Amino acid sequence: MNKRIVLITGAGIGIGRAAALTFGAQGDHVIVTDVLDDKGAEVVTEIQAAGGSAEFHHLDVTSTEAADALVGDLNTRFGGVDVIVANAGIALRVPMSEMTDETWHKTMDVDLYGMLRVIRPALPAMKEGASIICLSSIMGTSYGWDEHVHYSTAKSGVIGLIRGLAVEFADKGIRVNGVAPGYIRTAQLLNPGHSLGPDAAEIASPYIPMKRLGEPAEIANVIKFLASDDASYLTGQVITVDGGLTPGRY
Ligand SMILES: NC(=O)c1ccc[n+]([C@@H]2O[C@H](COP(=O)([O-])OP(=O)(O)OC[C@H]3O[C@@H](n4cnc5c(N)ncnc54)[C@H](O)[C@@H]3O)[C@@H](O)[C@H]2O)c1
């Protein structure tokens, strides 16, 4: 197959789904993975219905064994992965007074180690021109976030992961970058147990210089650019996509 092989984690809904549809629409072969089997399968059906190419695999990014097995299979079948979008993530609202080791580790396990688990087995077979994009957050790059210290910590860790990998693999022609979304309209953002919730999102919107939440496709388009040859000299960077929120003065 001469299509690019694009592996996306957490691709059943939200930003991951939007990225899968975007890569599918430009003719790549999309490896849609998620713990949400029905949602992931629906994304594959959508890509195929639009004339694209995709396959679904159940992948829980907290399992090293499962990540090794899936990526090993892709390496064997396709000779390596061309693009990884390490997107799977959870946000849980937990005040520090209720923070347990278990909750802390769970967030690190999905949001930070989960990225390492898919990237590590892919790297040896990735070729010059390959690209890795990891999802950080403005809560990792710029802001502290009350009741989400574990999330901010993990998303800041993602920046270290990006920079370290970018430098270690630059001379192999493998680029590693990140996207730090602001407030994007997804299930995560609209659930008050996870993130802002609908009420806080409405209150926050006027403070965003562009006066609105972002849409998943607006993150997917930046991911597409980072994975393209148009970004051939760009590595080790995290692009903030937030409608002007962090440079704003409020
Ligand atoms: N929505 C925002 O405003 C926003 C802002 C900043 C950063 N982000 C980040 O962008 C990424 C996507 O977020 P989203 O808003 O689309 O979230 P979402 O909740 O809509 O989707 C997250 C996806 O990750 C999957 N997932 C969760 N745990 C998993 C696991 N253990 N293994 C595999 N998949 C798992 C979910 O099933 C889901 O498909 C996340 O890393 C998130 O932290 C989102």
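We count ligands from 1, going down the list as the structure has it; atoms in each ligand are counted the same way. Predicted model, so just to flag it, every value in this text is computed and none were measured. Because only heavy atoms are used, hydrogens play no part in the values below, and waters and symmetry mates are left out as well, while side chains stay in. Along the sequence shown, the residues carry numbers beginning at 1.
Here Lys39 has no heavy atoms under 4.0 Å from ligand 1, in either its backbone or its side chain. At a heavy-atom distance under 4.0 Å, atoms from both the backbone and the side chain of Ile184 approach ligand 1. At a 4.0 Å heavy-atom cut-off, ligand 1 touches Ile90 through the side chain alone.
Gly89 and Asp111 get closest at one heavy-atom pair: CA-OD1, 3.2 Å.
Interface of Tyr151 with ligand 1, defined as ligand atoms under 4.0 Å from a residue heavy atom, comprises 6 (C), 7 (C), 8 (N), 9 (C), 42 (C), 43 (O). Distances below 4.0 Å separate heavy atoms of Asp60 from the following atoms of ligand 1: 30 (C), 31 (N), 32 (N). Of all atoms in ligand 1, listed by their number and element, those nearer than 4.0 Å to a heavy atom of Leu59 are 32 (N), 33 (C). Close approach of ligand 1 to Leu189 is summarised as follows: ligand atoms under 4.0 Å from at least one heavy atom of the residue are 3 (O).
Taking a 4.0 Å cut-off on heavy atoms, Val35 registers as neighbouring ligand 1. Look at Ser136 and you'll find a heavy atom under 4.0 Å from some atom of ligand 1. Heavy-atom separations between Lys155 and ligand 1 include at least one value shorter than 4.0 Å. Note on ligand 1: Gly214 sits outside its first shell, no heavy atom being nearer than 4.0 Å.
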Run the salt bridge (charged side-chain N to carboxylate O under 4.0 Å, His left out) check on Glu55 and Arg77 step by step: do they pass?
CA-CA 13 Å; Glu55 58 187 90; Arg77 286 166 55 210; 2.9 Å; yes
I'd like to know whether Trp104 forms a side-chain contact (heavy atoms from CB on, under 4.5 Å) with Thr153, so could you lay out the CA-CA distance, the side-chain angles of the two residues, the decisive distance to 0.1 Å, and finally the verdict.
CA-CA 10 Å; Trp104 183 270; Thr153 304; 3.5 Å; yes
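Checking Asn87, Val32, Asn191 against atom 41 (O) of ligand 1, the nearest heavy atom belongs to Asn87. Among Gln188, His58, His194, the residue whose heavy atom sits closest to atom 13 (O) of ligand 1 is Gln188.
Taking the six-membered ring where the residue is Trp, Trp145 and His148 present parallel rings, their angle staying beneath 30° rather than reaching 60°.
Between Glu42 and Arg17, no side-chain nitrogen of the basic residue sits less than 4.0 Å from a carboxylate oxygen of the acidic one, so the salt-bridge criterion is not met. We find that Glu218 and Arg212 are joined by a salt bridge, their nearest charged nitrogen and carboxylate oxygen being less than 4.0 Å apart. Salt bridge annotation for Glu128-Arg175: absent, with no cationic side-chain nitrogen under 4.0 angstrom from a carboxylate oxygen.
A single hydrophobic cluster is not seen to contain both Leu36 and Leu21; linkage of ILVMFWY side chains at heavy-atom distances under 4.5 Å, directly or through other members, places them apart.
Looking only at distances, no side-chain donor or acceptor of Arg117 sits under 3.5 Å from a matching main-chain atom of Leu112.
Not one N or O of Ile138 is nearer than 3.5 Å to an N or O of ligand 1, by distance alone. Residue Tyr183 places no N or O, backbone or side chain, under 3.5 Å from any N or O of ligand 1. Checked by distance only, ligand 1 and Ala11 stay at 3.5 Å or farther apart across all their nitrogen or oxygen atoms.
Between His29 and Phe78, the ring center distance clears the sub-6.0 Å criterion.
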